[in-house]
Amino acid sequence: MLRTHPELREEYERLKRELTEQHDDLTAYSRGKTRFIRRVLDAARQTDDPLYAFAVPSV
């Protein structure tokens with residue numbers, strides 16, 4: 001989805017840069033990306049494109 005939506009890719013890049021400045025540990029950095037990733041995955045699942053037809057395992 002990021003490949004086909006440059007605005008999402010740019011948003012993700014900004015988010016990652018902000019998180020890098022705010023956090024120095026990988027766990028906090030990863031948690032900071034969670035809401036964005038879930039939003040993108042939810043949007044991808046709403047498409048009719050079979051490329052995005054996948055299940056995300058719960059942790």
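The structure presented is a predicted model; accordingly, all values stated were derived computationally and were not measured.
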Q. Hey, is CZ on Arg38 packed in by over 12 heavy atoms from elsewhere, all under 6.0 Å?
A.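 No, because the 6.0 Å sphere around CZ of Arg38 holds 12 heavy atoms or fewer from other groups.
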With rounding to the nearest 0.5 Å, note down the distance linking [atom1] in [X] to [atom2] in [Y].
X	Y	atom1	atom2	result
Phe36	Leu2	CZ	CG	5.5 Å
His5	Glu11	NE2	CD	12.0 Å
Leu19	Leu26	CG	CG	11.0 Å
Arg35	Leu15	CZ	CG	9.0 Å

Q: Begin from the C-alpha positions of Val40 and Tyr12 and carry the test side chain to side chain contact (heavy atoms under 4.5 Å, CB included) through to its verdict.
A: CA-CA 10 Å; Val40 170; Tyr12 188 47; over 6 Å; no
Q. Given side chains that start at C-beta, do those of Leu8 and Arg39 come closer than 4.5 Å, heavy atoms only?
A.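 With C-beta onward as the side chain, the pair touches.
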Q) So, do Tyr29 and Lys16 sit near enough that their side-chain heavy atoms are less than 4.5 Å apart? A)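 Contact flag for Tyr29/Lys16 side chains = yes.
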Q. Are Arg45 and Asp42 within salt-bridge range, i.e. N to O under 4.0 Å?
A.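 Looking at Arg45 and Asp42, the cut-off is met.
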Q. Can a salt bridge be assigned to the pair Glu13 and Arg9 using a cut-off of 4.0 Å between side-chain N and carboxylate O?
A.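 Salt bridge absent between Glu13 and Arg9.
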